[in-house]
Amino acid sequence: MSTTTQALKSKQYETIYILRSDVDADGAEKVQHRVAEVVSREAGKLVKVEAWGRRKLAYPVGKQRKGVYVYVKYIGKGGLVAELERNLKLSDAVLKFQTVLLEH
């Protein structure tokens, strides 16, 4: 398989993002809607979304000691991850996020 066809192949990713603990249900819904919008716009597919709830952070982030964890699993191409992370960075409600490429 050549590198160009390899780059175009869809891969499975998971992203966990943490919202500020004072974000209400509407705010959390807005961020989740934005994530779904980016995934569909970039020709990806959401596989699973789980709200893990409010948990204590391992260390304070921006004076926050707790955060609302959300797990998202999706399939898409490399550009999708960059666009998703760009949108998460722009959201004031998001404290941190991490994306991992899953091995099949």
Side-chain angles (χ1 to χ4, degrees):
M1 194 182 277
S2 74
T3 52
T4 50
T5 49
Q6 187 70 37
L8 297 175
K9 194 167 181 277
S10 288
K11 295 181 178 164
Q12 199 166 33
Y13 299 93
E14 57 185 18
T15 298
I16 296 173
Y17 62 88
I18 306 171
L19 300 171
R20 290 191 341 256
S21 62
D22 59 356
V23 168
D24 59 359
D26 275 352
E29 184 64 38
K30 264 187 199 147
V31 174
Q32 181 47 49
H33 180 73
R34 187 80 184 129
V35 166
E37 195 179 286
V38 169
V39 170
S40 66
R41 190 176 66 222
E42 295 289 321
K45 179 176 174 256
L46 275 177
V47 177
K48 185 189 281 188
V49 177
E50 292 177 356
W52 289 352
R54 188 170 274 115
R55 297 177 178 199
K56 188 174 185 288
L57 299 172
Y59 54 89
V61 178
K63 297 184 181 173
Q64 301 278 323
R65 296 198 175 279
K66 290 186 174 179
V68 179
Y69 284 67
V70 182
Y71 169 84
V72 184
K73 188 175 182 180
Y74 52 96
I75 298 169
K77 300 185 176 40
L80 167 57
V81 174
E83 182 61 16
L84 181 64
E85 290 187 345
R86 187 183 74 78
N87 277 274
L88 290 174
K89 274 183 199 145
L90 292 173
S91 173
D92 292 337
V94 178
L95 287 174
K96 285 197 152 308
F97 57 86
Q98 184 168 18
T99 302
V100 184
L101 169 64
L102 297 174
E103 295 298 322
H104 295 290

Shared hydrophobic cluster for [X] and [Y] (ILVMFWY, side-chain gaps under 4.5 Å):
{"X": "Leu88", "Y": "Leu46", "value": "yes"}
{"X": "Val68", "Y": "Ile18", "value": "no"}
{"X": "Val81", "Y": "Val70", "value": "yes"}

Quiz item: Apart from Val47 itself, what residues make up its hydrophobic cluster, given side-chain heavy atom links below 4.5 Å?
Solution: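 Same cluster as Val47: Ile75.
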
Quick check for you: to the nearest 0.5 Å, what is the distance between [X] atom [atom1] and [Y] atom [atom2]?
{"X": "Ile16", "Y": "Phe97", "atom1": "CD1", "atom2": "CZ", "value": "13.0 Å"}
{"X": "Asn87", "Y": "Arg34", "atom1": "CG", "atom2": "CZ", "value": "4.0 Å"}
{"X": "Leu80", "Y": "Tyr74", "atom1": "CG", "atom2": "OH", "value": "5.5 Å"}
{"X": "Leu90", "Y": "Glu85", "atom1": "CG", "atom2": "CD", "value": "12.0 Å"}

Exercise. Scan residues 49-74 for pairs that pass salt bridge (charged side-chain N to carboxylate O under 4.0 Å, His left out), counting only residues two or more places apart or in two chains.
Key: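 For residues 49-74: Lys48-Glu50.
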
Self-check item: Any pair counted as salt bridge (charged side-chain N to carboxylate O under 4.0 Å, His left out), so long as it reaches residues 86-101, sequence neighbours left out
Solution: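 Counting only pairs at least two positions apart or across chains, the salt bridge (charged side-chain N to carboxylate O under 4.0 Å, His left out) contacts touching residues 86-101 are Glu83-Arg86.
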
Quiz item: Can you name the residues that form a side-chain contact (heavy atoms from CB on, under 4.5 Å) with Ser91, not counting sequence neighbours?
Solution: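 In terms of side-chain contact (heavy atoms from CB on, under 4.5 Å), with neighbours along the sequence ignored, Ser91 is linked to Val31, Ala93, Val94.
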
Practice problem: With sequence neighbours left out, write down each residue that passes side-chain contact (heavy atoms from CB on, under 4.5 Å) with Ala28, or none if nothing qualifies. | Solution: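 With sequence neighbours excluded, Ala28 shows a side-chain contact (heavy atoms from CB on, under 4.5 Å) to Leu19, Val23, given in chain and number order.
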
Practice problem: Using side-chain hydrogen bond (donor to acceptor under 3.5 Å, both in side chains) as the criterion, list what pairs up with Glu42, not counting sequence neighbours. | Solution: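 Residues passing side-chain hydrogen bond (donor to acceptor under 3.5 Å, both in side chains) with Glu42: none at all.
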
Quiz item: Any side-chain heavy-atom pair from Leu95 and Leu57 closer than 4.5 angstrom?
Solution: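 Yes; the side chains approach each other to less than 4.5 Å.
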
Exercise. Give a yes-or-no answer on whether the side chains of Thr99 and Glu14 include a donor-acceptor pair shorter than 3.5 Å.
Key: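 Absent: no donor and acceptor within the cut-off.
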
Practice problem: With sequence neighbours excluded, give me every side chain to side chain donor-acceptor pair (under 3.5 Å) pair touching residues 17-27. | Solution: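 Passing the test, one end in residues 17-27: Tyr17-Gln32, Arg20-Asp22, Ser21-Gln64.
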
Quiz item: Please, which pairs that meet ring pair (Phe, Tyr, Trp, His ring centres under 6.0 Å) have at least one residue in residues 43-63, sequence neighbours excluded?
Solution: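 Listed by first then second residue: Trp52-Tyr71.
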
